[in-house]
Number of protein chains: 2
Amino acid sequence: MDAAVQYHETHGSGRRVTTDTPRFQQVVQDFKSQIANGTLVQHAALPSERRIADEYDISRMTARRALDALEAEGLVYSEDRRGRFVSPKRVSYDVSKMVSFVAEADSRGLALEIEVVRAMKSQADAMVAEQLGVEHGAEVYAYTRLFRNNGHAIFVETEFVNARRCPGFLEHDLHQSTTRLLEARYDLSASAGDIAILMRAATAEETNLLGLAKNSAGIELTQIIRDSSGRSFCFGRQFWRGEAARFSARAIVERSVHD
Amino acid sequence: MDAAVQYHETHGSGRRVTTDTPRFQQVVQDFKSQIANGTLVQHAALPSERRIADEYDISRMTARRALDALEAEGLVYSEDRRGRFVSPKRVSYDVSKMVSFVAEADSRGLALEIEVVRAMKSQADAMVAEQLGVEHGAEVYAYTRLFRNNGHAIFVETEFVNARRCPGFLEHDLHQSTTRLLEARYDLSASAGDIAILMRAATAEETNLLGLAKNSAGIELTQIIRDSSGRSFCFGRQFWRGEAARFSARAIVERSVHD
DNA sequence: TGTGGAATCTGGTATATACCACAATGTGGA
DNA sequence: TCCACATTGTGGTATATACCAGATTCCACA
């Protein structure tokens, strides 16, 4: 256990003209390579912090730093007291298609599982009321669902539907596309939608459901679905693991539809 | 050193059994409050790590943990060896409007500054060639610009334009909206666009230009701009500070085949 | 009135150590 | 055979310390 503090610079494969590559960055780079070249496939377990520290001859805290960096980048996820694993590949979500993500995923063969976390009748708060175009305090159905792909949680969604327009909504099976449900049962078909995407930190519940590390960031996607008369009948808020998705959209200037 | 670590369990309800609140979370919460209630306004300096450690009677590393968490959430940004500061408010970007963000920002009174980092004629690599619909190796103009709002860097963008369609492009002033430039000088008006949004880690250059912490995540937004005939003439890739923006879009259902 | 340089401050990296709480595994006894 | 219990492993939190290098400040000297 000699030579604790050494700070010798291993200029070796020095590419960067910067000062000196921090040791933890070496670990980061190594694992990035291993993930990129397939040595580590998705969901494969990484060595433990202690093992990495040992192998690289660094302290556990430094190993941890490297792993935290990989996690922050989304290349790796961790399960509390079980280990760290390679993140699966991103899924694509075309937000321009108002077909529910569920339906879209189905058609592309994604094994999407839905867990209903919570479902209840409640009253619209200011936010929900504005989005749904109902009175403050009006009855709405609110339900939260967790979406997994191959067993791996990728996002959690809370949706609000206008109770007056969708009586008995919660009696239906929520393990399916909401869009389809609304269309089949209530003759409400999506005609347009407003979508917003932003990056933010996960709330406590999202952290738990998605199995995220504390204070980690992800992507919030909110959408308001409107019928052909422009009235909104469904408001949803999704929170995605940051590394789990790629969102695409198509923009068309003005209203001119050519075809 | 007397115990000082107490860890009595409060037994939550779900699967997770939350133990005692970690000390660093207290710091996180405090600053969150101060930012929320306006005690700390945007760009205000937070106390240094050492000062926080002192005031909360925690170690510097624990204080650092708290600050890192705040930074990961985007509430705070740090400047190397200068300090940590409260992040400014998000800007909104409607990606459905094919008007350049610059133009849109102007009209809303944002003080947007553009710094041209790099501008050159180069040859399309596989990626760029595909997006622009040109031959691999075809001549393109490539330029990188850094965008600041009130002096605070918010995103960096690299755009590629088809050199054949836009001769002498780089001779124009790039401190303006590209969309406008293309329209005014080359009669190329945006008619549609494909946009993709995803969260990822910053590259080394992005880290430097945006003044980010190492390995921090942000949002990549790529867009392909097409003319009325569907041909693409501009391909751009933006990397945004994660906390800096909110992206909105409007989706319209195109009734087609229903499976 | 500068101006150069030292002192001080800041975040960044790194180590060593300790304990906690839960997960997985292994072992012995009923 | 099956279950209770101990052992081991893992990530999570926390402390104390050290040095680095750039940013800032301020003061003495020209």
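Chain letters run A, B, ... following the sequence lines, proteins first and then strands; every chain starts at 1. No experiment lies behind these values; they were computed from the predicted model shown.
What separates CZ of A:R51 from P of D:dT10 is a distance of 8 Å, to the nearest Å. A straight line from CG of B:D54 to C1' of C:dC9 spans 14 Å, rounded to a whole angstrom. Rounded to an integer number of Å, the gap from CD of A:Q26 to P of C:dA14 is 11 Å. Protein atom CZ of A:R64 is 18 Å distant from nucleotide atom C1' of C:dG12, rounded to whole Å. The separation between A:E49 atom CD and D:dG12 atom C1' is 8 Å, rounded to whole Å. One interatomic measurement links the two molecules: CD1 of B:I52 to C1' of C:dC9, which rounds to 14 Å at whole-angstrom precision. As rounded to whole Å, 7 Å separates atom P of D:dA14 from atom CZ of B:R65. Atom CG in B:L212 sits about 17 Å away from atom P in C:dG11, given to the nearest Å.
Phosphate proximity of D:dA16 to B:S59: absent, as no side-chain N or O sits under 4.0 Å from OP1 or OP2. Contact annotation: B:R60 does not reach the phosphate of D:dA16 (side-chain N/O to OP1 or OP2, under 4.0 Å).
Under the salt bridge (Lys or Arg N to Asp or Glu O under 4.0 Å) test applied with B:E71, the options B:R241, B:R84, B:R65, B:R64 reduce to a single match, B:R84.
Between A:F147 and A:W240, a ring centre-to-centre spacing not shorter than 6.0 Å is recorded. Between A:H172 and A:Y141, the ring centre distance reaches or exceeds 6.0 Å. Here B:F169 and B:Y143 bring their ring centres to under 6.0 angstrom of each other.
B:E159 and B:T178 share a side-chain donor-acceptor pair at under 3.5 Å.
With C:dT15, D:dA14, C:dG11 as the candidates, the nucleotide lying closest to the side chain of B:R23 is D:dA14. Listed nucleotides: D:dG12, D:dA14, C:dT10. Nearest to the side chain of B:T62: D:dA14.
Within the nucleic acid shown, A:L67 has no heavy atom closer than 4.0 Å to any nucleic acid atom.
Taking for each of A:M61 and A:R50 the nucleotide of DNA chain C with the nearest heavy atom, the 5'-most of the two is the partner of A:M61.
Residues satisfying the side-chain hydrogen bond (donor to acceptor under 3.5 Å, both in side chains) test with A:Q26, not counting sequence neighbours, are A:D30.
Of the residues in residues 76-86 of chain B, those lying under 4.0 Å from DNA chain D by heavy-atom distance are B:R81, B:R82.
Under the 30°/60° scheme for interplanar angles, the aromatic rings of B:F31 and B:Y56 are found to be tilted. Using the six-membered ring where Trp is involved, B:Y77 and B:H152 have ring planes that are tilted, between 30° and 60° apart.
Checked by atom type and distance alone, the side chain of B:Q131 never pairs as donor or acceptor with a backbone atom of B:V128 at under 3.5 Å.
With the end axes of the helix from C:dT1-D:dA30 to C:dA30-D:dT1 each set by five pairs, the angle from one to the other reads 0° at 10° resolution.
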